[in-house]
Amino acid sequence: MSGLSGKRVLLGITGGIAAYKSAQLVRLLRGEGAEVRVVMTSAAGRFIAPMTLQALSGNPVRSELFDPGHEQAMGHIELARWADLVLVAPASADFMARCAAGMADDLLSTLCLASEAPLALAPAMNRAMWEHAATRTNAATLAARGVSLWGPEAGDLACGESGAGRMLEPGQLLARCRDRFSGGVLDGLRVLLTAGPTREALDPVRFIGNRSSGKMGFALAGACAGAGARVVLVSGPVALETPAAVERVGVESALEMQREVLARAGECDIFIGCAAVADYRPEEMAREKIKKSGERMRISLIRNPDILAGVAALEHPPFTVGFAAETRDPLGYAEAKRRDKGVDMVAANLVGADRGGFERDENALTLVWEGGVRELAMQDKRGLAAELVMVIAQRYALARGGAPGG
Ligand code: C5P
């Protein structure tokens with residue numbers, strides 16, 4: 001029996017050339033035993049005939065929010081509750097914007113808001129539209145809210161240009177649907193992560209900080225939750241939304257972060273140290289704002305505890321993963337860091353100049369564990385997080401004597 005057998009997929013179609021591929025997607029979904037109901041926006045009807053989708057899905061196709069005939073048979077809230085998965089393919093730039101804004105001015109946007117089922121969007125649009133700052137912001141908002149963005153991929157586009165903006169092929173979307181229902185690689189596991197920078201107070205208004213955006217840690221927390229784990233994210237101050245189904249604990253300093261981590265480390269299966277923890281803190285914090293006086297000022301700093309090494313040194317440590325941001329030789333430093341800190345795996349990336357890493361949306365990683373190395377190519381931090389979670393799940397299973405990926 002396929003993993004899609006009996007699953008209810010609400011397929012939304014918005015206006016775009018790629019809408020013709022949705023007909024094939026309906027066939028593939030039904031071929032695996034899924035029940036499919038199609039909802040189209042009014043623009044989608046210009047690209048593909050509702051009759052085609054009705055015949056292929058075996059169910060009436062809907063597009064009006066207030067259509068008495070349809071509302072009587074199955075009201076829109078009922079339809080929202082019916083779905084095990086809401087997939088919008090293709091999702092236009094306009095639809096992504098409306099979804100990100102939480103609009104409910106037509107049937108499909110209303111269903112996306114009203115349904116508690118997982119929501120996945122398969123974007124399809126012109127390259128410049130996909131790269132536009134507005135679309136990037138909308139994509140980030142949706143992802144932070146736990147919406148899966150499947151694609152787009154790079155290739156020839158209907159507008160004659162080539163670049164990122166092509167909807168994934170129906171077969172690829174089918175595979176994503178299967179994955180979504182197949183249970184996660186971290187099912188039932190408890191994951192504790194640190195993310196973001198720390199702030200080390202000099203006085204009540206000043207601190208020593210760093211440029212960590214927290215994006216990698218937040219993407220990882222979301223990916224772990226998506227893979228079935230119960231996730232607690234101890235984060236320094238960052239301007240990011242907490243990913244869906246993640247418990248967030250906000251901290252400022254390294255000492256606070258250490259306290260919150262150690263209070264929970266004994267009860268987690270996997271610990272991922274993603275935070276850019278300040279190595280040193282001011283030896284003393286002035287009680288009042290420091291006034292300017294002489295030409296020079298000296299601040300005495302003392303070493304902060306290493307949170308990651310502390311967790312790895314526990315009597316019964318969880319599976320530990322650390323990060324290493326390096327300006328050169330990531331492999332060499334990662335291996336040294338793995339041994340020095342006694343952790344199970346280190347993920348190293350190059351930072352500085354035009355590379356990924358801090359403050360960027362993209363990153364590449366070199367993973368090192370005892371006797372193994374793996375490169376994860378430069379990509380969006382969310383995609384990278386999903387790949388990293390797969391490797392962590394495999395290494396965790398092997399370290400605990402189970403089957404890889406189990
Ligand atoms: O030693 P370095 O700062 O390069 O190590 C980076 C790794 O160690 C990251 O995983 C980071 O979260 C963790 N770390 C920590 N506590 C510190 C310093 C680093 O947990 N005080």
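Since the model is a prediction, treat every value here as computed from it, not as a measurement. Ligands are counted one by one from 1 in listed order, and the atoms in each one are counted from 1 as well.
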Salt bridge (Lys or Arg N to Asp or Glu O under 4.0 Å) filter on Lys337, not counting sequence neighbours, yields Glu326
What protein heavy atom sits nearest [atom], and how far away is it?
atom	value
atom 10 (O) of ligand 1	Gly273 O, 2.5 Å
atom 4 (O) of ligand 1	Lys337 NZ, 2.4 Å
atom 1 (O) of ligand 1	Lys341 NZ, 2.9 Å
atom 16 (N) of ligand 1	Ile307 N, 2.9 Å
atom 6 (C) of ligand 1	Phe323 O, 2.9 Å
atom 20 (O) of ligand 1	Leu308 N, 2.8 Å
atom 3 (O) of ligand 1	Asp279 OD1, 3.9 Å
atom 18 (C) of ligand 1	Val277 CB, 3.7 Å

Thinking salt bridges, do [X] and [Y] make one under a 4.0 Å N-O criterion?
X	Y	value
Lys341	Asp306	yes
Glu335	Arg338	yes
Asp269	Arg400	no

For Arg166 and Ala124, indicate whether the former's side chain and the latter's backbone hold a donor-acceptor pair under 3.5 Å.
no
Looking at every heavy atom in both Ala334 and Ala348, which two are closest together, and how far apart are they?
CB-CB, 3.6 Å
For Leu85 and Cys177 the tightest heavy-atom approach is CD2-SG, 3.9 Å
Going by heavy atoms in the side chains, are Arg62 and Leu79 under 4.5 Å from each other?
yes
For Pro305, which part has a heavy atom under 4.0 Å from ligand 1: side chain, backbone, both, or neither?
backbone
Less than 3.5 Å between some nitrogen or oxygen of [X] and one of ligand 1, yes or no?
X	answer
Ala324	no
Gly322	no
Ala275	yes

